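All remarks here apply to the structure that follows.
Nothing here was measured: the structure is a model prediction, and the numbers come from that model.
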Amino acid sequence: MTDDERQGTAPYAAPPLEQLPHPEPHRAVVLVVGVVATVAFVVLRFVVALGGHEPLPIDLWWHDLMVATVSEVGIIAAWVPAIAGGMIGMIVIGILLVAVFLWQRRRWDAVTLAGAIIVVVAIGAPMAAIIARVRPADSLAESVATSFPSGHTAVATTMAVTLGLLLRRWYVWLLGAIWVLYMMWSRTYLQAHWLSDVVAGMLEGVAVATLVWSAVQAYRIRRTMSSS
């Protein structure tokens, strides 16, 4: 008979594994990716600032290439992600996805996606206003002057990366990458952004998605361990 049995107390048992959150085995990698994306964004921001917020040589080259390939079919194709990926479109899609996660009782996934969208929207518009980089003068899609970083690209990347981390399916990553590249092309094809604007938006989205996901994962594990 053990000491616990003599004293009438049950020995301590660790919580069943299924009761604990299932942390992604590559949490450290995801966190490193977020930090690297953040640093790369800051570096690009300084490069743009050092150039007086004027378009970089690669921006001008890409812009001329987009202008040279403009066609009616191309404009129609470019407007698809511009409309679907706009602020209203992304908010509607985000709400629907969060609702689906809640319906599936995936509360933490819903919190992660909602938090990532809120963060990227909250920091994107003020950042563009502060940086105040001027769009291409021949923009076909936007009238607001500020363009760095691309908000469409940032939100699209945030949602794509967050869903990839939550659903953990290769085809989700593939479709997400295609959508982000499509969005980046669209914003430059419509001459709404310089190439460096959409690259900055992509980096912003990767940083927000990975860091918010990492923060929620860390909170879940700490909360579960402390309660058990």
Side-chain angles (χ1 to χ4, degrees), residues 37 40-41 44 47-48 51 53-98 100 113 116-117 120-121 124-125 127-129 131-164 167 169-209:
F41 177 89
L44 181 55
V47 170
V48 170
H53 295 144
E54 294 296 321
L56 306 175
I58 193 172
D59 292 331
L60 296 174
W61 169 79
W62 184 260
H63 181 75
D64 291 341
L65 179 62
M66 294 295 98
V67 171
T69 57
V70 166
S71 66
E72 292 185 4
V73 174
I75 291 177
I76 293 173
W79 269 109
V80 173
I83 295 174
M87 188 66 65
I88 296 178
M90 284 292 93
I91 289 176
V92 171
I93 294 173
I95 291 174
L96 290 176
L97 290 173
V98 169
V100 170
L113 181 58
I117 295 173
V120 75
V121 171
M127 188 186 307
I131 296 175
R133 191 188 199 187
V134 178
R135 296 182 188 275
D138 50 357
S139 174
L140 303 176
E142 300 289 345
S143 58
V144 179
T146 55
S147 69
F148 185 99
S150 167
H152 282 69
T153 306
V155 176
T157 305
T158 298
M159 293 188 65
V161 174
T162 303
L163 290 175
L167 300 179
R169 298 289 185 272
W170 67 267
Y171 54 84
V172 175
W173 285 108
L174 177 60
L175 292 175
I178 292 173
W179 175 247
V180 171
L181 292 174
Y182 186 20
M183 181 66 76
M184 294 173 72
W185 168 81
S186 165
R187 302 309 287 163
T188 55
Y189 190 83
L190 293 174
Q191 296 138 49
H193 287 282
W194 304 108
L195 180 61
S196 54
D197 294 339
V198 295
V199 172
M202 181 268 294
L203 292 172
E204 178 192 350
V206 171
V208 169

- Note on the structure: On a heavy-atom basis, the closest approach of A200 and F41 is O-CD1, 3.4 Å
- Say you draw a straight line from CG of L65 to CG of L195; how long is it, rounded to the nearest 0.5 Å? 10.0 Å
- Message: Please find the pair of heavy atoms, one from I93 and one from A84, that lie closest to each other, and give the distance.
- Response: CD1-O, 4.0 Å
- Task: Report the C-alpha separation of E204 and T153 in whole Å, then their side-chain angles, then the decisive distance to 0.1 Å, and conclude whether the side chain to side chain contact (heavy atoms under 4.5 Å, CB included) test is met.
- Result: CA-CA 9 Å; E204 178 192 350; T153 306; over 6 Å; no
- Item | Ring geometry between W179 and Y182 (parallel below 30°, tilted from 30 to 60°, perpendicular above 60°) | perpendicular
- Run the numbers on V161 and W173 for side chain to side chain contact (heavy atoms under 4.5 Å, CB included), then give the verdict. CA-CA 7 Å; V161 174; W173 285 108; 4.2 Å; yes
- Query: Got P136 and H63 here, is their nearest side-chain heavy-atom distance under 4.5 Å?
  - Reply: yes
- Closest non-hydrogen atom pair between L113 and G94, with its separation: CD2-O, 4.4 Å
- Taking all heavy atoms of T162 and all of T158, pick out the closest pair and write down the distance. OG1-O, 2.6 Å
- Is a side-chain donor or acceptor of H152 paired with a backbone partner of A82 at a separation under 3.5 angstrom? yes
- Query: Is atom CD1 of I58 surrounded by more than 12 heavy atoms (other residues, nucleotides or ligands) closer than 6.0 Å?
  - Reply: no
- Task: Can you tell me which residue pairs pass the side chain to side chain donor-acceptor pair (under 3.5 Å) test with a partner in residues 69-83, sequence neighbours excluded?
- Result: none
- Task: State whether the side chain of Q191 and the backbone N or O of Y189 hold a donor-acceptor pair below 3.5 Å, judged by distance alone.
- Result: yes
- Evaluate the criterion side chain to side chain contact (heavy atoms under 4.5 Å, CB included) for residue pair R187 and D197; output intermediate values, then yes/no. CA-CA 9 Å; R187 302 309 287 163; D197 294 339; over 6 Å; no
- Task: Output the distance between atom CD1 (I83) and atom OG (S186), rounded to the nearest 0.5 Å.
- Result: 9.5 Å
- Item | Backbone N/O of E54 and side chain of R133: donor-acceptor pair under 3.5 Å | yes
- Using only heavy-atom distances, determine whether the side chains of D59 and S196 contain a donor-acceptor pair under 3.5 Å. yes
- Message: To the nearest 0.5 Å, what is the distance between CG on L97 and CG on L163?
- Response: 5.5 Å
- Message: We want to know whether W194 and T188 form a side-chain donor-acceptor pair, criterion being a heavy-atom distance below 3.5 angstrom.
- Response: no
- For the pair T157 (side chain) and G205 (backbone), establish whether a donor and an acceptor sit closer than 3.5 Å, ignoring hydrogens and angles. no
- Task: Assess whether side chain to side chain contact (heavy atoms under 4.5 Å, CB included) is satisfied between M66 and W185, documenting all intermediate values.
- Result: CA-CA 9 Å; M66 294 295 98; W185 168 81; 4.0 Å; yes
- Task: Mind listing the closest non-hydrogen atom pair of M183 and P81 along with its distance?
- Result: CE-O, 3.2 Å
- Message: If you define the side chain from C-beta out and look only at heavy atoms, does anything of M159 sit under 4.5 Å from I117?
- Response: yes
